[in-house]
Amino acid sequence: MTKPKIRKIKKQPNDTGISGWYKIAENGSKCQKLEENITSDWLVIGAGFAGLAAARRLHQLRPNDRITLLEARHVGEGPAGRNSGFMIDLPHDLSSDNYSGEGSEKDNLQTELNREAIRFAAQAAEDYGISSEVFDPCGKINGAATEKGASHNLDYAKLLEQSGESYEMLDAQAMREVTGSDYYLDGLFTPGTVMIQPAAFVRAVADNLRPHIGIYENSPVIKLSRQSSDWLVETPSGSVSAPKIILAVNGHAQSFGYFPGRLMHVFTYASMTRALSSDEVRVLGGQSKWSLTPADPMGATIRRICGTGGDRIITRTRFTYDPSMEVSQSRVEAVGKTQIDAFQRRFPMIGTVPMEYVWAGRLCLSFNGVSAFGEVEENIFSACAQNGLGAAKGTFSGMMAAELATGTHSVYLDHMLAQDPPSRLPPEPFAWLGANAVMRWREWRAGKEA
Ligand SMILES: Cc1cc2nc3c(=O)[nH]c(=O)nc-3n(C[C@H](O)[C@H](O)[C@H](O)COP(=O)(O)OP(=O)(O)OC[C@H]3O[C@@H](n4cnc5c(N)ncnc54)[C@H](O)[C@@H]3O)c2cc1C
């Protein structure tokens, strides 16, 4: 008899810094760790947007099947709970000058797929009674702080016009009324983005799936092997035996041995102020919540929030390419200092406000902007590589992986299967040198937008 092939998982997720979203989320349910050997009809690995969407869709399609989900960390501690919370409907290509794409059929299709993901998430929010503080279909603004940013906004507006998409241009005065700041020359509002409190959202989805699905946290998959027709998946203190697996670990697909040399691991960084005092809120002015992406994709994303956790401002800047899938605490602190500067330039009227939380998080991109999707080995289905837009794209790829694995036909799945696979990256160190050089140059060029 041939010995079963055993695969050790090469690397476990390491999330540097504490996400403010995770800390201020109220729904901190008790985590259950896998401490036994179980069998299941389905196993989902990873409880980010993709894993939770896959689990929900599987439960819709196979309500009587046993579904298990394993997460290495606490749900909400990983990238899905440390992002800026923009669930964006329109194309949002971080490698472009102004996100706007070309107004091509491909872009229109991307919008349709993102909107399908948003509908799915909105239905979950409705079914689970998730509040508008956590899931808010309020739209977002592309804020321009420079003439160049303003011209990006104009180009974007033209394309939106051509595609029949609604939008509104805001002048400097209107931007001041929204943000309280003189920093922005103009803004382009689009209504289709949903703003989420990312950690509270993924925790709420997990909590509501728990009665139907075995969700185990702090249960990293460390080994995978084939045992006759099932996969045996081991964690440090238990195991799951299941015929079919959905792998929803984004860039860590590589740690499982899939897509070698085809996934780009990029980090971005965020800071959240402490809760503002009522005096600071008064001096700041503007609306009590708003959400800005930068007109130049290399600029700063800024959000103001209110409600649970108080009035706070969140700043996200910088991208670094780190194939090790890890960044140091000192890097996070250094970027955090530049974010204090970005904050003070925008809000000089409230002086120095300490950042209570500073953190980094992983993105996974492919060179040709496609996801790492499909059956990667017999009965293992990948829903990975969200190209920086995991709130919508991760949700979509999780839904589609569940459809593919259950043999459920849909036109959306046909679109997903028609994609090219992720293309090969240049060898290291050339990829590292090239990607970081391009990002540093583009950040420098973004100037005051950052
Ligand atoms: C600061 C920041 C801001 C961002 N802003 C936005 C934004 O506004 N909008 C947007 O759309 N995207 C944003 N992103 C990107 C977004 O967070 C990611 O694209 C998204 O989280 C990817 O979703 P996912 O479910 O595919 O993967 P993840 O969210 O990475 O989930 C994968 C999960 O798999 C788990 N895992 C990995 N290995 C194992 C293992 N061996 N065993 C068990 N579990 C494992 C991980 O712990 C993780 O929880 C941002 C990211 C950061 C860091």
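The analysis underlying the following values was restricted to heavy atoms, covering all of them including side chains, and did not include hydrogens, waters or symmetry mates. In each ligand, atom 1 is the first atom listed, and ligand 1 is the first ligand listed. From a predicted model like this one, the values you see are computed outputs, not experimental measurements.
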In terms of its nearest heavy atom to atom 13 (C) of ligand 1, the top option of Asn83, Val233, Thr317, Asp15 is Asn83

Out of Gln12, Arg73, His252, His74, the nearest non-hydrogen contact to atom 40 (C) of ligand 1 is supplied by Gln12

- Any heavy atom of Phe267 sitting closer than 4.0 Å to ligand 1? no

Check: Is there a donor-acceptor contact under 3.5 Å linking the side chains of Gln227 and Ser241?
Finding: no

Could you establish whether Gly394 and ligand 1 come within less than 4.0 Å of each other, counting only heavy atoms on the residue side? no

If you compare Asn250, Ile314, Val44, Val249 by their heavy atoms, the one closest to atom 36 (N) of ligand 1 turns out to be Val249

Please tell me whether Glu403 and Ser410 have a donor and an acceptor in their side chains that are separated by less than 3.5 angstrom. yes

Here the atoms of ligand 1 under 4.0 Å from any heavy atom belonging to Gly361 are 53 (C)

Among Gly78, Ser291, Ala248, the residue with a heavy atom nearest to atom 32 (C) of ligand 1 is Ala248

Note: ligand 1 atoms sitting under 4.0 Å from heavy atoms of Arg316 are 1 (C), 3 (C)

To atom 2 (C) of ligand 1, the nearest of Thr268, Leu69, Ile45 on a heavy-atom basis is Thr268

Should the pair His59 and His212 be assigned to parallel (<30°), tilted (30 to 60°) or perpendicular (>60°) ring geometry? parallel

Q.
Quick one, Tyr216 and Val240 - any side-chain contact, counting heavy atoms below 4.5 Å?
A. no

Is any side-chain heavy atom of Asp15 closer than 4.5 Å to one of Trp359?
no

For atom 31 (O) of ligand 1, the closest protein heavy atom turns out to be Gly48 CA, 3.5 Å

When distances are taken from atom 34 (O) of ligand 1, the protein heavy atom at minimum range is Gly46 CA, 3.3 Å

Taking 4.0 angstrom as the limit, do Glu71 and Arg203 come out as a salt bridge?
-> no

Practice problem: Answer yes or no: does an N/O atom from Ala392 fall short of 3.5 Å to an N/O atom of ligand 1? | Solution: no

Counting only heavy atoms not in Phe367 (residues, nucleotides, ligands), do more than 12 fall under 6.0 Å from its CZ? no

When distances are taken from atom 26 (O) of ligand 1, the protein heavy atom at minimum range is Gln386 NE2, 2.8 Å

The atoms of ligand 1 lying under 4.0 Å from a heavy atom of Phe256, numbered in the order shown, are 41 (N)

Candidates Ala372, Gly398, Ala72, Pro79; heavy atom nearest atom 45 (C) of ligand 1 found on Ala72

Glu71 N/O to ligand 1 N/O under 3.5 Å:
yes

For atom 23 (O) of ligand 1, the closest protein heavy atom turns out to be Phe49 CD1, 3.8 Å

Using distance alone, with no hydrogens and no angle criterion, decide if Thr408 and Arg57 have a side-chain donor and acceptor under 3.5 Å apart. no

| Distance-only N or O hit between ligand 1 and Ala391, under 3.5 Å | yes

Determine whether a donor-acceptor pair (N or O, by modelled atom type, separation under 3.5 Å) exists between the side chain of Gln287 and the backbone of Val178. no

* Under 3.5 Å between some N or O of ligand 1 and some N or O of Val221? -> yes

### Message
Quick check: Ala50 and ligand 1, any N/O pair under 3.5 Å apart?
### Response
yes

Looking only at side-chain N and O atoms, does Ser84 offer a donor or acceptor that is under 3.5 Å from a partner on Arg303? no

Using a plain distance cutoff, I'd like to know if Pro13 has any nitrogen or oxygen under 3.5 Å from a nitrogen or oxygen of ligand 1.
no

Check ion pair Lys337-Asp341 (N to O, under 4.0 angstrom) | no

- Item | Under 3.5 Å side-chain donor-acceptor pair for Gln419 and Ser371 | yes

the protein heavy atom lying closest to atom 1 (C) of ligand 1 turns out to be Arg82 O, 3.3 Å

**OP:** Would you kindly check if the NZ (Lys) or CZ (Arg) of Arg226 is within the cone defined by 45 degrees around the ring axis of Trp231 and under 6.0 Å from the six-membered ring centre?
**Re:** yes

So for ligand 1, is Ser84 a polar contact partner (N or O within less than 3.5 Å, distance only)? yes

Ranked by distance from atom 8 (O) of ligand 1, the top protein heavy atom is Phe86 N, 3.0 Å

Between Glu116 and Arg119, is there a salt bridge with N-O shorter than 4.0 Å?
yes

Atom 15 (C) of ligand 1 sits nearest the protein heavy atom Leu363 CD2, 3.3 Å

task: State whether the shortest distance between N or O atoms of Gly51 and N or O atoms of ligand 1 falls below 3.5 angstrom.
output: no

**Report entry** Asn368 and Asp420 side chains, donor-acceptor separation under 3.5 Å
**Finding:** no

of all protein heavy atoms, closest to atom 29 (O) of ligand 1 is Ala80 N, 3.1 Å

Hydrogens and angles aside, do Ser237 and Glu35 bring a side-chain donor and acceptor to less than 3.5 Å of each other?
no

